[in-house]
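Below is one structure, written out as structure tokens; comments come after it.
All chains are named by letter (A, B, ...) in the order of the sequence lines, taking the proteins before the strands, and each is independently numbered beginning at 1. Computed over heavy atoms, backbone and side chain alike; hydrogens, waters and symmetry mates excluded.
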2 protein chains.
Amino acid sequence: MTATPRYQQIAQMLRAAIANGTYKVGDLLPTEQELCATHEISRHTARDALRLLTEAGLVTRKRRAGTVVAAATPPTVFVQPLGGFQDLLQYARDARLKILAYGPAPADGFARELGLDPGGWRELRGQRGTGTATVGLTRVLVRTDCAPTQAEIEERPTIADAIEARYGIAAARIDQQISAMVLDGQVASLLGSEPGSAALLTRRFYHDGHGALFLASESAHPADRFVYSMSFNRERSE
Amino acid sequence: MTATPRYQQIAQMLRAAIANGTYKVGDLLPTEQELCATHEISRHTARDALRLLTEAGLVTRKRRAGTVVAAATPPTVFVQPLGGFQDLLQYARDARLKILAYGPAPADGFARELGLDPGGWRELRGQRGTGTATVGLTRVLVRTDCAPTQAEIEERPTIADAIEARYGIAAARIDQQISAMVLDGQVASLLGSEPGSAALLTRRFYHDGHGALFLASESAHPADRFVYSMSFNRERSE
DNA sequence: TGCCTCTATTTGTCCGGACATATTTTCATT
DNA sequence: AATGAAAATATGTCCGGACAAATAGAGGCA
């Protein structure tokens with residue numbers, strides 16, 4: 001009869017009440033004590049129910065303030081999980097970064113294009129590929145206070161990994177923009193492609209825990225050799 | 001001194017023990033009773049600690065079998081949350097789909113390119129934009145047993161939304177591939193772009209709960225009008 | 001009015017216990 | 001040896017209680 005546990009039943013009732021507007025966003029849910037009284041359950045059971053709602057992101061709880069509705073529906077429907085920086089780059093596992101140049105950011109270089117002061121950054125130019133096949137041409141800006149050496153970069157799969165290993169600065173947020181471009185003669189020859197062919201252009205911005213940018217990159221990938229794939233899964237919410 | 005709660009301390013100790021190989025993947029962690037005895041805590045506290053590890057995906061628990069290590073490191077480091085189908089498409093909120101053609105899939109059309117039997121699918125051609133500005137040219141395949149009418153599609157922001165509303169078929173997994181292309185004369189004129197300019201090409205495959213494909217789309221977006229942006233956040237694991 | 005302190009309230013942590021349920025192991029039976 | 005019943009065991013659910021910590025709100029004070 002009562003196959004589902006009590007605390008899940010309570011949680012489901014509250015979820016429904018939130019969904020149908022009985023409790024609107026910003027409203028206060030009943031306190032734990034009130035739930036205990038109205039449903040004749042122990043405080044522990046009430047807490048378990050509210051814990052489910054908290055984990056789903058539907059409510060937030062604060063001492064003395066109570067439980068307030070944060071969203072009428074579970075905030076995220078789909079998620080794209082990433083195992084690490086390599087999954088973001090989507091190069092083959094054995095693709096290596098060949099560094100062509102690495103030094104203080106020139107005044108008229110990548111930093112200027114992004115509206116950054118070249119003084120505080122180091123610029124790297126390189127190409128990525130496996131063996132002789134080049135799959136991407138890259139420009140990178142690294143903040144000088146967390147710039148690894150060339151050797152440290154080359155022994156890690158990505159620059160972000162090198163920074164995390166060397167300086168302990170971990171990316172908290174990464175913004176990525178993908179657009180398309182037509183290869184001009186110079187870039188095409190570096191990539192071994194036909195001038196006038198298409199390429200994918202990815203820009204990535206790595207932010208630390210304070211939201212400050214510490215790493216930026218721009219890469220061109222010939223369309224005939226590179227497709228950016230991603231997979232989204234619907235979150236289980238029961 | 002002991003600012004952090006006991007159960008979080010225990011969880012951290014276990015996390016560390018898993019990370020440094022004291023417990024390897026597949027090993028059994030101490031039972032709740034053993035944790036109670038060794039750390040002189042109540043079973044409730046031990047359970048709270050193990051709950052944290054379970055939520056992080058580090059361990060799985062089964063009655064009688066105990067707690068086994070599922071992964072040495074938290075499985076997902078970054079997540080890209082999506083609120084719905086519109087976030088995937090990344091068109092402006094007021095962008096509308098103008099349907100140019102909608103009917104049974106022709107034998108030599110999009111279905112053939114994807115290796116699908118044209119008999120079971122309906123093909124749609126359209127363009128998306130706001131007012132007069134066209135931002136994308138689209139080909140879509142819809143499985144015939146869940147194909148909405150043209151009116152149903154036009155009154156919803158996306159075709160996936162229309163299918164979910166009309167047939168109750170919700171996408172469980174969406175695969176997306178992004179590549180680049182050069183616009184030829186015919187497509188360029190439809191999009192109002194220069195022939196030979198670059199465009200972003202997105203292919204999306206929507207799968208239902210059984211993993212079966214029910215919706216596929218291919219869209220071309222002029223690079224000068226469209227950039228695909230995404231944001232990844234590091235998962236909080238504490 | 002503005003600022004401060006104090007209090008009451010609500011959630012967070014932790015303890016103790018009990019029974020339920022699923023699953024493995026053991027052992028008796030065939 | 002194969003099968004099936006029973007026991008043992010680890011987690012899941014639920015109850016009761018107690019104190020701690022944070023903080024919104026009331027009330028007092030300048």
Mind calculating the distance between [atom1] ([X]) and [atom2] ([N]) to the nearest angstrom?
| X | N | atom1 | atom2 | value |
| --- | --- | --- | --- | --- |
| B:D48 | C:dC15 | CG | C1' | 12 Å |
| A:Q9 | D:dG12 | CD | P | 19 Å |
| B:L53 | D:dT11 | CG | C1' | 15 Å |
| B:Y7 | C:dC15 | OH | P | 13 Å |
| B:L28 | C:dT23 | CG | P | 15 Å |
| A:R6 | D:dT13 | CZ | C1' | 11 Å |
| B:R61 | D:dA10 | CZ | P | 12 Å |

Could you tell me whether the phosphate oxygens of [N], OP1 or OP2, come under 4.0 Å of any side-chain nitrogen or oxygen in [X]?
| X | N | result |
| --- | --- | --- |
| B:Q8 | C:dG12 | no |
| A:T31 | C:dT9 | no |
| A:T67 | C:dT11 | yes |
| A:R63 | C:dG12 | no |

Inset, instruction - Scan residues 42-81 of chain B for pairs that pass ring-ring contact (aromatic ring centres under 6.0 Å, His included), counting only residues two or more places apart or in two chains. - result: A:H44-B:H44, A:F85-B:F78
Legend entry - Presence of donor-acceptor pair under 3.5 Å, side chain of B:R51 and base of D:dG12: no
Inset, instruction - Between C:dT11, D:dC15, C:dC14, spot the one nearest the side chain of A:E32, thanks. - result: C:dT11
Inset, instruction - Nearest-nucleotide wise, let me know which of A:R64 and A:I41 is further upstream toward the 5' end of DNA chain D. - result: A:I41
Inset, instruction - Nearest-nucleotide wise, let me know which of A:H44 and A:K62 is further upstream toward the 5' end of DNA chain D. - result: A:H44
Inset, instruction - State whether a side-chain donor-acceptor pair under 3.5 Å links B:T144 with B:R122. - result: no
Describe the nucleic acid contact of [X] in one word from base, sugar-phosphate, nothing, applying a heavy-atom distance below 4.0 Å.
| X | result |
| --- | --- |
| A:E34 | nothing |
| B:R47 | base |
| B:R43 | base |

Inset, instruction - Measure the acute angle between the ring planes of B:Y91 and B:H221, then classify it against the limits of 30° and 60° as parallel, tilted or perpendicular. - result: tilted
Inset, instruction - Side-chain contact test, heavy atoms from C-beta onward, threshold under 4.5 Å: evaluate it for B:Y206 versus B:I159 and give yes or no. - result: no
Inset, instruction - Evaluate the side-chain proximity of A:V59 to A:L14: yes if any heavy-atom separation is below 4.5 Å, no if none is. - result: no
